[in-house]
There are 2 protein chains.
Amino acid sequence: MKTRVDAVTAWESLFRAQVAVMRTIAAEFPSRDISLNEYDVLFNLTRQPGRELRPRDLNRHILLAQPSLSRLIDRLAGRGYVEKLPDPTDARGTIIRLTNAGFALFRRVAVEHMGSITARVGSRLDDDELAELAALCDKLRGDA
Amino acid sequence: MKTRVDAVTAWESLFRAQVAVMRTIAAEFPSRDISLNEYDVLFNLTRQPGRELRPRDLNRHILLAQPSLSRLIDRLAGRGYVEKLPDPTDARGTIIRLTNAGFALFRRVAVEHMGSITARVGSRLDDDELAELAALCDKLRGDA
DNA sequence: CCATTCTCAATGCAAACGTATCGAAATGGC
DNA sequence: GCCATTTCGATACGTTTGCATTGAGAATGG
């Protein structure tokens, strides 16, 4: 069956490309104040209205086990980059909100980080290819 | 500048797709004898003539720091899945060779693992899209 | 030919991770 | 309303990871 092989091949290519790009980007990642996973949490918070999200929802976007994310959030909170608020609609839950300090840190890091991405990704593919790649990956993710 | 934004967007899409697919695949990953990273090492060894490779070369394909890979290999060797041989052409180097037991384990795990990939990846994209995605990712990786 | 520099793999150590588990609160059936 | 089940986030504990460094051998160049 042809599709079986193609699916595995496509995943293999995507995975290796991710490894190759991630290696460059991680090596160039700025700031000793924050790790890539921590940055990713800040990034996801900036994309939400009010810059806040419950851990459970954050966890859907981030490749970390729930306890790991829980501790990562505690570390960010300890440094003042996020704050933990009680969820009025669910007494079990917590709301993680990006602080001004966290947003400032994000913006400072994001500029340089996006420069790395642009240099590494933008140099290999042209605009049409980038758009095509994004469309295929969005379809593959299937959150649409 | 349009390309800057597109490159970042494309990387974001690729990265999130990787997270989404990896989460499914990792959850379904078979066998408690081996982790995904360990499987990846075995996989890369099977792709080489003689099923052997030096740690340095393995490291290019795998997203792990050199000391982490070094210890991962030791663990695999301790369980008999790979063997460490002296490199006749470089007395510093070691050659990591997949054992028969390692190859048998790989094949046993690979069948089920590729089933997960096919189910998750193959169900969202058709054959043409899979081929297109693979081509773009290969170009992005740029090992060519 | 020797000194300097570089590369390969291993080790010490602290930080971060995953699995298993827990308490508390929400949900769903009866 | 009540008990069983599920969900949310936190904690315990062993494992894995990365950074810094080391030692040994290869390459360079004067």
Side-chain angles (χ1 to χ4, degrees), chain A residues 18-19 22-42 44-45 52-79 81-97, chain B residues 19 22-42 44-45 48 52-79 81-97:
Chain A
Q18 197 267 343
V19 168
M22 184 59 85
R23 188 181 296 285
T24 303
I25 286 176
E28 296 174 353
F29 188 72
S31 172
R32 228 160 255 88
D33 302 334
I34 205 179
S35 73
L36 255 171
N37 275 338
E38 289 166 346
Y39 172 84
D40 203 11
V41 167
L42 299 191
N44 276 283
L45 288 175
E52 60 186 33
L53 209 53
R54 287 156 73 237
R56 189 63 172 67
D57 299 317
L58 259 175
N59 221 146
R60 290 187 229 283
H61 300 290
I62 290 173
L63 195 56
L64 271 181
Q66 175 267 317
S68 303
L69 178 59
S70 181
R71 278 178 295 230
L72 190 155
I73 289 169
D74 282 346
R75 269 174 268 147
L76 288 176
R79 292 174 217 160
Y81 298 137
V82 302
E83 52 189 347
K84 300 169 77 168
L85 308 169
D87 183 344
T89 72
D90 187 338
R92 296 168 304 181
T94 311
I95 292 179
I96 310 303
R97 175 146 60 198
Chain B
V19 168
M22 183 60 85
R23 171 160 283 127
T24 303
I25 286 175
E28 296 174 353
F29 189 72
S31 172
R32 228 157 249 90
D33 301 335
I34 205 178
S35 73
L36 256 170
N37 275 338
E38 289 166 345
Y39 172 83
D40 203 11
V41 167
L42 300 191
N44 277 283
L45 288 175
Q48 293 306 124
E52 61 186 32
L53 210 52
R54 287 154 73 235
R56 189 65 172 71
D57 299 318
L58 259 174
N59 221 147
R60 289 187 228 282
H61 300 289
I62 291 173
L63 195 55
L64 271 181
Q66 175 267 316
S68 304
L69 178 59
S70 181
R71 276 180 280 235
L72 189 156
I73 289 169
D74 283 346
R75 270 173 267 149
L76 288 176
R79 292 173 216 159
Y81 298 136
V82 302
E83 51 189 348
K84 299 171 77 168
L85 308 169
D87 184 344
T89 72
D90 187 338
R92 294 168 304 183
T94 311
I95 292 180
I96 309 303
R97 176 146 61 197

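Chain A is the first sequence line, chain B the second, and so forth, proteins listed ahead of strands; every chain is numbered from 1. These values consider heavy atoms only, across backbone and side chains, with no hydrogens, waters or symmetry-generated copies.
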When you measure from the side chain of [X], which nucleotide among [options] comes out closest?
X        : options                   : result
Arg56(B) : dA25(C), dA10(C), dC8(C)  : dC8(C)
Ser70(B) : dC17(C), dT19(C), dT11(C) : dT11(C)
Pro67(B) : dA10(C), dT16(D), dA12(D) : dA10(C)
Ala91(A) : dA25(C), dG18(C), dC8(C)  : dA25(C)
Asp74(A) : dA26(D), dT11(D), dA26(C) : dT11(D)
Arg54(B) : dA9(C), dA10(D), dT17(D)  : dA9(C)
Arg92(B) : dG25(D), dT19(C), dG12(C) : dG25(D)
Arg71(A) : dT19(C), dG18(D), dG25(D) : dT19(C)
Arg79(A) : dT17(D), dA16(C), dA9(C)  : dA16(C)
Arg75(B) : dT11(D), dT17(D), dG9(D)  : dT17(D)

N or O in side chain of Asn59(A) less than 4.0 angstrom from dC8(D) OP1/OP2: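 Asn59(A) to dC8(D) OP1/OP2: no side-chain N or O under 4.0 Å.
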
Audit row: Asp74(A), Lys84(A), salt bridge (charged side-chain N to carboxylate O under 4.0 Å, His left out) steps and yes/no: CA-CA 9 Å; Asp74(A) 282 346; Lys84(A) 300 169 77 168; 2.6 Å; yes

Answer yes or no: is there a side-chain heavy-atom contact under 4.5 Å between [X] and [Y]?
X        : Y        : answer
Leu69(A) : Gln66(A) : no
Arg79(B) : Asp33(B) : no
Asp57(B) : Gln48(B) : no
Arg92(A) : Arg56(A) : no
Leu63(A) : Arg23(B) : yes

Sugar-phosphate only, base, or nothing, as touched by Thr94(B) at under 4.0 Å among non-hydrogen atoms: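 Touches sugar-phosphate only.
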
Touch class at under 4.0 angstrom, heavy-atom based, for Leu64(B) against every strand present: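 Sugar-phosphate contact only.
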
[atom1] of [X] versus [atom2] of [N]: gap in Å, rounded?
X        : N       : atom1 : atom2 : value
Asp87(A) : dA24(C) : CG    : P     : 19 Å
Lys84(A) : dG9(D)  : NZ    : P     : 10 Å
Gln66(A) : dG18(C) : CD    : P     : 11 Å
Arg32(B) : dG18(C) : CZ    : P     : 16 Å
Glu38(A) : dA16(C) : CD    : P     : 7 Å
Leu69(A) : dA10(D) : CG    : P     : 9 Å
Leu36(B) : dT17(D) : CG    : C1'   : 15 Å
Leu72(B) : dT15(D) : CG    : P     : 15 Å

Position toward the 5' end of DNA chain C (nearest nucleotide), Leu63(A) or Thr89(A):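 That would be Leu63(A).
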
